[in-house]
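So the structure is just underneath, and the comments pick up after that.
In what follows, chains are A, B, ... by sequence order, proteins preceding strands, each numbered from 1. Because the structure is a prediction, the values reported are computed rather than measured.
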2 protein chains.
Amino acid sequence: MATSAKLQKEPDMLSTHDRILEAATALFLQNGYAATSMNAIAKASGIQKASLYHHFESKEAVLFACFERGYQATVERMRTITGQNDQSYADRLEPLVGEIHNGIVHSSVGQMAPVIAETTSRYPEIARRFNDEFIDEMHNIAMAFLSEGMEQGEFAPFEIEAMDHALFGIPVNLTMCRSMFGGFEDLQHRYDTDRVKELHLAILRKLLGL
Amino acid sequence: MATSAKLQKEPDMLSTHDRILEAATALFLQNGYAATSMNAIAKASGIQKASLYHHFESKEAVLFACFERGYQATVERMRTITGQNDQSYADRLEPLVGEIHNGIVHSSVGQMAPVIAETTSRYPEIARRFNDEFIDEMHNIAMAFLSEGMEQGEFAPFEIEAMDHALFGIPVNLTMCRSMFGGFEDLQHRYDTDRVKELHLAILRKLLGL
DNA sequence: GTCTATAAGTAGATAGAC
DNA sequence: GTCTATCTACTTATAGAC
């Protein structure tokens with residue numbers, strides 16, 4: 001236990017397996033899946049291409065592994081936040097929205113959305129898992145929370161399907177714009193993550209009558 | 001004139017140049033840019049690969065040409081809609097939103113967003129033009145319209161930057177979800193374009209006090 | 001303007017030494 | 001577990017006949 005904690009303390013101490021996944025994720029995000037070669041992943045991981053095939057049997061397996069670890073943390077934190085019944089629904093809204101932004105805008109899995117779009121026809125299982133284990137779970141947790149808040153009279157009643165789009169549309173748009181235009185310095189201020197989160201909260205509060 | 005109109009009447013009558021662009025766009029949308037080979041584009045256009053290079057000097061040139069024609073129509077129609085001063089601001093909102101959905105969700109250029117994300121680091125000029133000639137223009141037209149409507153007292157005052165995200169976030173999210181999950185039949189109803197447009201309008205009306 | 005043939009390079013993946 | 005060397009297939013792009 002102490003050893004493995006120590007091993008993960010510094011990035012240099014990451015296992016080869018994890019270094020590969022970190023490097024691959026960064027490359028997939030920057031250049032997409034097809035334009036990222038196994039050679040490039042190997043070099044970025046500090047090993048030779050043949051060594052890469054000792055850890056993963058194919059490029060497809062690397063892509064799958066990049067997603068494997070990503071879903072759970074965000075979903076768990078969302079469950080924790082919405083489950084805190086000692087707080088009012090209004091008080092739980094901001095941390096919930098913050099966690100949604102973490103998952104979609106800041107986490108590497110959320111940022112992978114364009115890579116999923118690129119690969120969905122070749123590897124539909126990835127898109128399917130992304131939907132089932134991440135998008136769907138987030139939707140269900142958030143929608144249950146908002147429905148309950150409306151039933152309790154803390155939120156003004158509003159078409160729940162519309163709330164769904166209001167809740168997820170804005171961070172998904174943000175993460176898309178950042179992956180398309182993140183390289184342009186003159187556009188950075190428009191896609192400032194903290195600022196957009198505040199604007200998003202203002203929209204949700206208005207819709208929920210807060 | 002009569003001849004060229006006739007030529008464009010049936011898909012079989014398209015010029016080779018246009019058939020290439022239609023085929024290339026469809027393939028880029030389905031498989032992404034890097035995974036689409038010039039051979040595949042040639043076959044889908046009904047010609048040989050070498051003939052393709054008679055019409056476009058490189059694969060990069062094909063990608064650029066796929067975007068070239070796409071921006072203007074949506075922007076022009078948005079200008080026409082918002083310019084109709086004989087109608088109330090409230091009455092112009094629905095057609096304006098309809099046109100935004102046309103441009104982002106239904107047009108091939110809007111659907112290309114993930115392809116832009118895939119290629120932005122190799123070909124930043126494409127992402128730049130997509131922003132400057134499409135996104136930026138749509139934002140400017142829509143924001144001017146909403147600001148005026150608020151000044152005239154037809155729309156309730158609301159942070160204009162937030163309106164920006166409320167207006168574009170939902171269709172961009174829709175087009176992303178459709179490109180990631182469009183292949184899954186059980187998810188189709190969630191991403192029904194007409195339904196989402198109605199929900200989007202309901203959100204905007206609520207924010208604008210209509 | 002379209003074709004067949006081919007060049008030159010890179011991709012994913014494997015063999016086998018250490 | 002990592003390496004060098006290599007296989008096979010496919011990539012973008014070009015040459016030159018018709």
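In this structure, the CG atom of A/Asn39 is 16 Å from the C1' atom of D/dC7, given to the nearest Å. Remark: P of C/dG12 and CD1 of A/Ile20 are 14 Å apart, rounded to the nearest angstrom. Distance A/Leu63 CG to C/dG12 C1': 15 Å, rounded to the nearest Å. Separating the CD1 atom of A/Ile41 from the P atom of C/dT10 is a distance of 17 Å, rounded to the nearest angstrom. Distance B/Leu27 CG to D/dT12 P: 12 Å, rounded to the nearest Å. Separating the NE2 atom of A/His55 from the C1' atom of D/dG1 is a distance of 6 Å, rounded to the nearest angstrom. Put simply, CZ on A/Phe56 is 16 Å from C1' on D/dT2, counting in whole angstrom units. The separation between A/Tyr123 atom OH and C/dG12 atom C1' is 10 Å, rounded to whole Å.
If B/Lys49 and B/His54 are placed on DNA chain C by their nearest nucleotide, the residue sitting closer to the 5' end is B/His54.
Taking both residues in full, the closest heavy atoms of A/Leu167 and A/His200 are given as O-CE1, 2.9 Å, listed atom of the first, atom of the second, then distance.
Proximity of B/Thr16 to the phosphate of C/dT2: a side-chain N or O atom is located under 4.0 Å from OP1 or OP2. For D/dT12, neither phosphate oxygen OP1 nor OP2 lies less than 4.0 angstrom from any side-chain nitrogen or oxygen of B/Ser58. Within the 4.0 Å cut-off from OP1 or OP2 of C/dA11, at least one side-chain nitrogen or oxygen of A/Ser37 is found.
Ion pairing of A/Glu60 with A/Arg122 is absent here, as no side-chain N (NZ or NE/NH1/NH2) approaches a carboxylate O to less than 4.0 Å. Ion pairing between B/Asp136 and B/Arg128 fails under the 4.0 Å rule for side-chain N and carboxylate O.
A/Tyr89 and A/Phe145 have tilted rings, their planes meeting at an angle from 30° to 60° on a 0 to 90° scale.
Nucleic acid contact class of A/Thr36 (heavy atoms, under 4.0 Å, all strands): sugar-phosphate only.
Residue B/Ser51 has its side chain nearest to C/dC3 when only C/dC3, D/dT2, C/dG12 are considered. When each of C/dT2, D/dT4, D/dA15 is scored by its nearest atom to the side-chain atoms of B/Ala50, the top-ranked nucleotide is D/dA15. Which of D/dT2, C/dA13, D/dT4 sits closest to the side chain of A/Gln48 comes down to D/dT4. Each of D/dT14, C/dG12, D/dT2 was ranked by its minimum atom distance to the side chain of B/Tyr53; first place goes to D/dT14.
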*Are B/Phe64 and B/Phe56 close enough, and set up right, to give a ring pair (Phe, Tyr, Trp, His ring centres under 6.0 Å), and what steps lead you there?*
CA-CA 10 Å; B/Phe64 274 67; B/Phe56 298 94; over 10 Å; no
